Amino acid sequence: MPSPTSIAATIRRIPRGKVSTYGAVARAAGYPRGARLVARVLRGAFDLPWQRVLGAGGEIKLQGEFAAEQRFRLRSEGVTFCGRRVDMKQHEFHFSKPKKKKSRRRTGRR
DNA sequence: AAGATGACGCCCG
DNA sequence: CCGGGCGCCATCT
């Protein structure tokens, strides 16, 4: 059951040294079109690893000092940048999306 | 209730 | 690469 809470929980799953995007987090949390909701949650909950959430393509969407702060914190976690953007192919975190499919119990038993 | 706004995403020229 | 415009969703005035 989707709710802002799941969004926050999803963001908390991002491990240190990894990053994700608004869209990806939204989808992982069950909001295919909720990129903006993710942004809202980040604003309201300052107790999350907000620095690990970036815009599409790994771009920092913040402005001014906050952008610098985010860059600094990410670099401190070992995240590398490709110019203005984060090197996604190296740090993008892939969420596991729980689908309605039942998990295969013991694949290929025998 | 209608319009404007915002840590967004994506398509077009 | 950059700017502009439209679509999404929830909240605020």
Side-chain angles (χ1 to χ4, degrees):
Chain A
M1 57 177 18
S3 69
T5 313
S6 3
I7 292 181
T10 303
I11 295 171
R12 279 187 176 78
R13 287 190 193 98
I14 305 174
R16 183 175 169 294
K18 290 281 186 178
V19 298
S20 191
T21 64
Y22 299 92
V25 170
R27 283 189 298 267
Y31 290 88
R33 267 101 193 134
R36 293 192 115 134
L37 300 190
V38 175
R40 187 167 290 285
V41 171
L42 261 76
R43 259 191 136 190
F46 235 78
D47 43 317
L48 301 156
W50 59 271
Q51 67 266 37
R52 298 179 193 152
V53 185
L54 309 160
E59 188 177 13
I60 290 180
K61 299 302 275 185
L62 286 176
Q63 304 278 316
E65 301 303 301
F66 293 101
E69 174 69 13
Q70 183 166 30
R71 243 161 12 223
F72 179 79
R73 295 182 78 150
L74 287 174
R75 292 200 66 160
S76 299
E77 295 187 351
V79 176
T80 60
F81 283 75
C82 222
R84 283 171 104 44
R85 331 189 140 160
V86 167
D87 192 334
M88 294 307 268
K89 41 184 184 315
Q90 215 179 151
H91 302 289
E92 182 169 13
F93 175 70
H94 301 280
F95 289 101
S96 23
K97 303 178 216 177
K99 284 193 171 165
K100 304 258 167 67
K101 273 187 140 147
K102 16 181 152 125
S103 316
R104 271 185 170 309
R105 33 190 154 92
R106 239 138 320 140
T107 56
R109 62 161 293 249
R110 164 243 231 263

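These numbers come from the heavy atoms of this one structure, side chains and all, not from hydrogens, waters or symmetry mates. These figures come from a predicted structure and were not determined experimentally. So that the names make sense, note that chain A is the first sequence line, chain B the second, and so on, each numbered from 1.
With the nearest nucleotide of DNA chain B identified for both A:L37 and A:A24, A:L37 has the one nearer the 5' end. Summary of the strand contacts: A:R36 and A:R40 both lie near DNA chain C, and taking for each the nucleotide with the nearest heavy atom, the more 5' one is attributed to A:R36. Both A:R84 and A:G34 lie near DNA chain C, and the one whose nearest nucleotide falls closer to the 5' end is A:R84.
Environment of CZ in A:F81: crowded, with over 12 heavy atoms of neighbouring residues, nucleotides or ligands closer than 6.0 Å. Within a 6.0 Å radius of CZ in A:R12, more than 12 heavy atoms belonging to other residues, nucleotides or ligands are found.
Side-chain contact check for A:L74 versus A:L54: some heavy-atom pair is nearer than 4.5 Å.
Distance A:R71 CZ to B:dA7 P: 17 Å, rounded to the nearest Å. Whole-Å rounding puts the A:Y22 OH to B:dA7 P distance at 9 Å. Atoms CD (A:E65) and C1' (B:dA7) sit 16 Å apart, rounded to a whole Å. When the C1' atom of B:dC8 is taken as reference, atom CZ of A:R27 falls 12 Å away, rounded to whole Å. Per the geometry, CD belonging to A:E59 stands 10 Å off P belonging to C:dC1, to the nearest Å. One can place CD1 of A:I7 at 13 Å from C1' of B:dA7, the figure rounded to the nearest angstrom. Straight-line distance from the CD atom of A:Q63 to the P atom of B:dT5: 17 Å, rounded to whole Å. Atom-to-atom, CZ of A:F66 to P of B:dA7 comes out at 11 Å; the value is rounded to the nearest Å.
A donor and an acceptor atom, one from each side chain of A:R73 and A:S76, are nowhere located under 3.5 Å apart.
If you check distances only, the side chain of A:R33 never reaches the base of C:dC8 with a donor-acceptor pair under 3.5 Å.
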